[in-house]
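Here the structure is laid out as structure tokens; the discussion comes afterwards.
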Number of protein chains: 2
Amino acid sequence: MMNRYPNQARILVATDCIIFGFDGEELKLLLIKRNFEPEEGKWSLMGGFLKEEEDLEAGAKRILFDLTGLNNIYVEQLGAFGKVDRDPVERTLSVAFFALINIRDHDQEAVRMHNAHWISLKNKPALIFDHDDMVVLALEHLRYNAALHPIGFELLPEAFTIPQLQKLYEAIYDMQIDRRNFSRKILSTGLLIDTGAKNMSAPTKKAILYCLDKDKYQKKFYAFWYFMPSQGK
Amino acid sequence: MMNRYPNQARILVATDCIIFGFDGEELKLLLIKRNFEPEEGKWSLMGGFLKEEEDLEAGAKRILFDLTGLNNIYVEQLGAFGKVDRDPVERTLSVAFFALINIRDHDQEAVRMHNAHWISLKNKPALIFDHDDMVVLALEHLRYNAALHPIGFELLPEAFTIPQLQKLYEAIYDMQIDRRNFSRKILSTGLLIDTGAKNMSAPTKKAILYCLDKDKYQKKFYAFWYFMPSQGK
DNA sequence: ATTTAATTGTGTTTTAACGACACATTTTAA
DNA sequence: TTAAAATGTGTCGTTAAAACACAATTAAAT
């Protein structure tokens, strides 16, 4: 290549993905039990090196597709982790990406091939390198954003009930929310469309299935929401 | 170095800094009129390459110190910009950092040496590479965060009046805020300490000078604020 | 000395949202 | 038929927000 910048350091760049899922009760993480070096036998996030001619976000999506078989995942960049010694083998700058998927959607075979497992956040093992820091940051990001934007829907199936949505928010914030106030607040946004169907798999009264109004969703994405109880200033 | 990862691409890593300042009336950016290659003569953000043995954040602070002579600047990482062709000379991944400084604090000589200038956001020229995207993201970040956290204070002197703070918020959000409601809202947070002094440089009624209660500031940093009018859902 | 204009500090009122709680409805299983 | 569990809708008191009025301070103009 011509015209290079002389005398500057060139370093490895990787991406690591913090993948959240929701099974109806608990918030889960997709983690890898490493059967390869370095740090074989330990738990880590799914990651990989960025290729020579690959855009950063494309790299993250390649890694996500590789693991889950999914193409249209909700992905956001979390940020770069750049401590000199974060990888003991060789200096590697890692850009962390945050992904939300409906836990029933992914390719179970691909997940098995990578020796990956869905682990409840509450049982999360220690991870290699600075991956624990990445998870902490990702959870903060999820809580912060889910309070203001409707990103939580990414973790649910296409059609969902209000009680399901409430359970998701209760899992994200690890708190109890009043059923009736939550319902009123959510419906007042006008972002939910009544599909007419009901959740027939429930043992008692069947809740109404809603889907998200994608148009309004787009328009309101940058409008502030206030889902969470104020918790007192 | 031992145990390297074989056959992986190593690329240049840079940091670019989006530096905001406030002169009492307008929100400004510290930009460089480049008198060096590449893109000599054009405008850009202040940036530089990350060194071999330098942590990412340390690199950003080195560059900020180099330009402003300041050590204790408010800095946050914005994120990585990693398009393959974002730098036409050679592939460079850049991590953007967001900085807020009191516009009267910096070392004017150092700024002159780098051929840097404070430019009002409304008169911002086109910048090189993807620096315009970085500025757009930084402004979003500022607006998003200033609505919830007291980061705006970083742009003001130690002691400031409520009308000055209001002008800052009006500049950040490019909107009018009701003077009386703003004052009540700010004071009700309990984060402002009356210094006893007044702003004697004002032509008419001298406003009370406040300073920030650093202890409460730290404790409340993660509590949500609602400074901005709701703008209607 | 008095008035005027500009700016700042404090108070009031109306409206809307929130949180806490009551009650009725739906569905399966006892 | 009744009981138990979950869902849908409504009410009420409290709090916070937005809109607006008025008084106080200061320097310059008269």
Side-chain angles (χ1 to χ4, degrees), chain A residues 24-25 146-148 156-157 159-171 173 175-211 220 223-233, chain B residues 24-25 146-148 156-157 159-171 173 175-211 220 223-233:
Chain A
E25 292 295 332
L148 303 175
L156 293 173
F160 51 86
T161 69
I162 290 182
Q164 283 169 355
L165 185 61
Q166 179 176 342
K167 278 196 174 160
L168 169 60
Y169 273 86
E170 288 181 332
Y173 294 98
M175 71 186 295
Q176 299 288 103
I177 303 172
D178 184 276
R179 190 173 61 79
R180 296 150 288 186
N181 293 335
F182 182 81
S183 170
R184 183 160 33 76
K185 215 161 168 180
I186 289 285
L187 288 173
S188 75
T189 63
L191 288 181
L192 264 47
I193 300 174
D194 186 334
T195 64
K198 293 191 174 185
N199 175 27
M200 300 314 283
S201 66
T204 62
K205 183 170 182 178
K206 281 92 170 82
I208 297 169
L209 284 164
Y210 292 89
C211 66
K220 293 210 176 190
F224 286 2
W225 279 30
Y226 305 101
F227 269 1
M228 298 311 301
S230 329
Q231 317 244 47
K233 290 189 184 171
Chain B
E25 291 296 330
L148 303 175
L156 292 173
F160 51 85
T161 69
I162 291 182
Q164 282 169 355
L165 185 61
Q166 179 176 344
K167 279 197 173 159
L168 169 60
Y169 273 87
E170 288 180 332
Y173 293 100
M175 71 184 296
Q176 299 289 103
I177 303 173
D178 184 275
R179 191 173 60 81
R180 295 147 295 183
N181 292 335
F182 182 81
S183 171
R184 186 160 27 75
K185 217 163 167 179
I186 289 284
L187 287 174
S188 74
T189 63
L191 289 180
L192 264 46
I193 299 174
D194 186 334
T195 64
K198 294 191 172 184
N199 175 26
M200 300 314 283
S201 66
T204 63
K205 182 170 182 178
K206 279 95 173 79
I208 298 169
L209 283 164
Y210 292 89
C211 65
K220 293 211 175 187
F224 284 3
W225 280 31
Y226 303 102
F227 269 2
M228 298 311 301
S230 330
Q231 319 242 46
K233 289 188 185 171

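Every value quoted in this text rests on a predicted model; they were computed, and no experiment measured them. Note on naming: letters A, B, ... go to the chains in the order of the sequence lines (proteins, then strands), and numbering restarts at 1 for each one.
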- Note on the structure: B:L165 atom CG is separated from C:dT8 atom P, nearest whole Å, by 13 Å
- Query: Any donor and acceptor pair, going by atom type alone, linking the side chain of A:T195 with main-chain N or O of A:L209 inside 3.5 Å?
  - Reply: yes
- Which angle, rounded to 10°, do you find between the first-five-pair axis and the last-five-pair axis of the helix from C:dA1-D:dT30 to C:dA30-D:dT1? 10°
- Item | Least distance between heavy atoms, A:K167 atom then A:G24 atom | CD-O, 3.5 Å
- Note on the structure: Of all heavy-atom pairs linking A:K206 and A:K198, the shortest is O-CD, 3.6 Å
- Indicate yes or no for a side-chain donor-acceptor contact from A:Y173 to the backbone of A:A147 under 3.5 Å, with no hydrogens or angles considered. yes
- How many Å lie between CZ on A:F182 and C1' on C:dA17, as a whole number? 17 Å
- Nucleotide by nucleotide, 5' to 3', does protein get under 4.0 Å of the base (B), only the sugar-phosphate (S), or neither (-) in nucleotides 20-30 of chain D, counting heavy atoms? BB--BBBS---
- Query: Base, sugar-phosphate, or nothing for A:I208, non-hydrogen atoms under 4.0 angstrom?
  - Reply: sugar-phosphate
- Query: Rounded to the Å, how far apart are A:L187 CG and C:dC18 P?
  - Reply: 13 Å
- Task: Round to a whole Å and report the spacing from CG of A:N199 to P of D:dT7.
- Result: 9 Å
- Query: CG of B:N181 to CD1 of B:I186: how many Å apart, nearest 0.5 Å?
  - Reply: 12.0 Å
- Message: Please give me the minimum heavy-atom distance between A:Q166 and A:R179, naming the atom from each residue.
- Response: OE1-CA, 3.3 Å
- Task: Report the distance from atom CD of B:E170 to atom P of C:dT7, rounded to the nearest whole Å.
- Result: 13 Å
- Is there a donor-acceptor contact under 3.5 Å from the side chain of B:S188 to the main chain of B:K185? yes
- Between C:dT8 atom P and B:L209 atom CG, what is the distance in whole Å? 12 Å
- Message: If I compare all heavy atoms of A:D194 with all of A:G196, which pair ends up nearest, and what's the gap?
- Response: OD1-N, 2.7 Å
- Of all the heavy-atom pairs spanning A:L156 and A:Q164, show the shortest one and how long it is. CD2-O, 4.5 Å
- Query: Once you round it to whole Å, what is the distance between P of D:dG8 and CD1 of A:I186?
  - Reply: 13 Å
- Note on the structure: From NZ of A:K167 across to C1' of D:dT7 the rounded distance in Å is 12 Å
